[in-house]
Structure formats: structure tokens, C-alpha cells
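Some notes on the structure that comes next.
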Amino acid sequence: MDVFTTVLTRRSVTRPVAPAPGDEKFRYLLQMATAPDDGTLRPWWRILVCGEGQDTVVNSLAEETPNVPRQQFATKVVRHALEVVRAALKARLVLRPRPGHRVPECEQLATAHAMARPLLLLLHTRGYGAIWRTGLLRTSLRVPRRLGFGTQKRLPSALDIGSPDPAAAPQRRPTPLDVSDHVATLV
């Protein structure tokens, strides 16, 4: 698949199903994905969450809101979390900033997030479906600690990865955006 076809045909797959790439295949695709990285800091990790690991994440979220009655929490927050965690594989981004470095933390965050786009495209070329999500874990303090990362690292986003559901209707690309009011030319 050429680059233009890849970019024009990739769609977010909101409910990716099994199979997902295995650890080795995912690591290979991640190795191929590149993003601008001033200082070559690589201020990111990916945690691959599947199976019972998804329960650990949801339970940590439940513990983080002790003032909300359990049933109310289950119907609102956990339902949303389960909606987000249902993928065959969740590749959670871990931001690992280097405080005090000449590259400001906002650029380090941009680098970490910029890895998502080429990774999504590479997954698409291999027949996988994925969607980039943020959600509740973005602000969680308990989940990074539960996963052994302490307080210095954050979980700003994740990719839900699997295969497109063959029963789902393929999403069509909307008409190309008119970007004329998003570009200025200075002469």
C-alpha cells in the first residue's frame, strides 16, 4: 500500500476485535514508527494491556473515586472505562518526561503523542484496526502507581488495537476538509 492510499483509507476502528498483533509484531511496528524528537529523548514507553490487565486498570480507577457510591461509579465511570478498554490490545502511552532538560516538557509530550500517527498508519497497512483514545486514565494518579511507575510518569493516551469487525460497516471518509481558512501566507 503506498503512503497516499494508507493515509486516505485509514479510519478509526471504534471497536477493534481479536486478533491484535502479538508482542513481537507490535514492538516491530513501534520500532518502525518515527516522530520528531528533539534531543532524541524518547520520552515515552508503551504498556501493552490485555486480558486481566484490563481489570487491574478498571479497579484502580474505581479505587480513585472513594466518595462516589460503588454502584453509581459502576454505572457511570466504570462503564465508560470498559467501553474504552474493550479492545483486544491496549497500547497505553506512558509519558516519561525529563524535567530540567533543554527540551521543554510540552515538546516531550508532543513527541510522545506524535508517535501515534505513524503507528496507526503502520497498523492499518498490516490489516489491523485501531483508535486513539484519552479518557479517564489521562488524569489518574493511582493507575500509574499500580503499574509500578510512581508519580513522575503520566498516562496521557492509548491506542485500542485489534482487527476491524467484519460485521461492522466500513466508515467512509468525509469530504476532504477545506483548509483554506487554516493557512496563512506571509510574503
Side-chain angles (χ1 to χ4, degrees), residues 1-61 80-98 107-138 140 143-150 152-168 170-171:
M1 190 178 306
D2 68 59
V3 174
F4 281 99
T5 303
T6 301
V7 171
L8 293 173
T9 59
R10 195 206 79 76
R11 296 286 168 279
S12 291
V13 175
T14 57
R15 294 192 167 109
V17 298
D23 286 357
E24 188 176 321
K25 187 176 283 189
F26 180 82
R27 289 173 199 276
Y28 173 75
L29 294 172
L30 185 61
Q31 185 179 18
M32 296 299 107
T34 60
D37 186 3
D38 187 13
T40 318
L41 298 178
R42 293 189 178 164
W44 50 266
W45 285 356
R46 287 280 178 184
I47 299 176
L48 304 182
V49 182
C50 53
E52 292 180 16
Q54 296 180 8
D55 296 333
T56 300
V57 171
V58 171
N59 291 336
S60 295
L61 286 172
H80 176 72
L82 289 171
E83 177 88 9
V84 171
V85 194
R86 88 166 98 230
L89 173 68
K90 178 170 284 293
R92 171 61 55 191
L93 170 65
V94 178
L95 177 62
R96 184 177 68 171
R98 305 251 179 103
E107 286 185 33
Q108 294 179 48
L109 176 63
T111 292
H113 277 296
M115 290 292 294
R117 182 64 175 166
L119 187 53
L120 287 166
L121 293 171
L122 288 166
L123 286 161
H124 175 61
T125 65
R126 297 296 188 256
Y128 295 106
I131 186 169
W132 184 4
R133 298 195 188 267
T134 55
L136 298 169
L137 296 179
R138 177 177 41 85
S140 174
V143 174
R145 284 195 305 264
R146 174 76 62 92
L147 296 173
F149 289 110
Q152 294 301 315
K153 296 169 183 68
R154 296 194 310 267
L155 305 170
S157 66
L159 297 179
D160 285 359
I161 303 169
S163 297
D165 184 348
Q171 296 179 356

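- Applying the 6.0 Å contact sphere to CZ of R98 captures more than 12 heavy atoms from other residues, nucleotides or ligands.
- A distance of 11.5 Å separates CD in Q31 from CG in L122, rounded to the nearest 0.5 Å.
- Scanning all heavy atoms of the two residues, the minimum distance from A88 to G162 falls at CB-CA, 4.3 Å.
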Evaluate D165 against R15 for salt bridge (charged side-chain N to carboxylate O under 4.0 Å, His left out), listing each step before the verdict. CA-CA 7 Å; D165 184 348; R15 294 192 167 109; over 6 Å; no

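- Atom-to-atom distance recorded for L120:CG and T125:OG1 is 11.0 Å, nearest 0.5 angstrom.
- Defined by atom type and a distance below 3.5 Å, a donor-acceptor pair is missing between the side-chain atoms of T6 and H124.
- Between atom NZ of residue K90 and atom CD1 of residue I47 there is a gap of 11.5 Å, rounded to the nearest 0.5 Å.
- Between P156 and L109, the shortest heavy-atom distance links the atoms CG-CD1, 4.1 Å.
- When side chains are defined from C-beta on, R96 does not count as touching L41, because their heavy atoms never get closer than 4.5 Å.
- Remark: the backbone N or O of P36 is paired with a side-chain donor or acceptor of T111 at under 3.5 angstrom.
- R10 has its side chain within reach of R117: a pair of non-hydrogen atoms, C-beta onward, lies under 4.5 Å apart.
- With hydrogens and angles ignored, the 3.5 Å screen pairs no side-chain donor or acceptor of R133 with any backbone N or O of L159.
- Taken from CE in M1 to CG in L121, the straight-line distance is 10.0 Å, to the nearest 0.5 Å.
- Side-chain atoms of D37 come within 3.5 Å of backbone atoms of R42 as a donor-acceptor pair (strictly under, hydrogens ignored).
- P43 approaches L95 most closely through the heavy-atom pair O-CD1, 3.4 Å.
- Looking at every heavy atom in both residues, V13 comes nearest to P164 through CG1-CA, 3.9 Å.
- Atom NZ of K25 and atom CG of L30 lie 15.0 Å apart (nearest 0.5 Å).
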Evaluate the criterion side-chain contact (heavy atoms from CB on, under 4.5 Å) for residue pair R46 and L93; output intermediate values, then yes/no. CA-CA 5 Å; R46 287 280 178 184; L93 170 65; 3.6 Å; yes

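- Closest approach of F26 to P21, counting heavy atoms only: N-CB, 4.2 Å.
- Nearest heavy atoms, A20 versus Y128: C-CE2, 3.7 Å.
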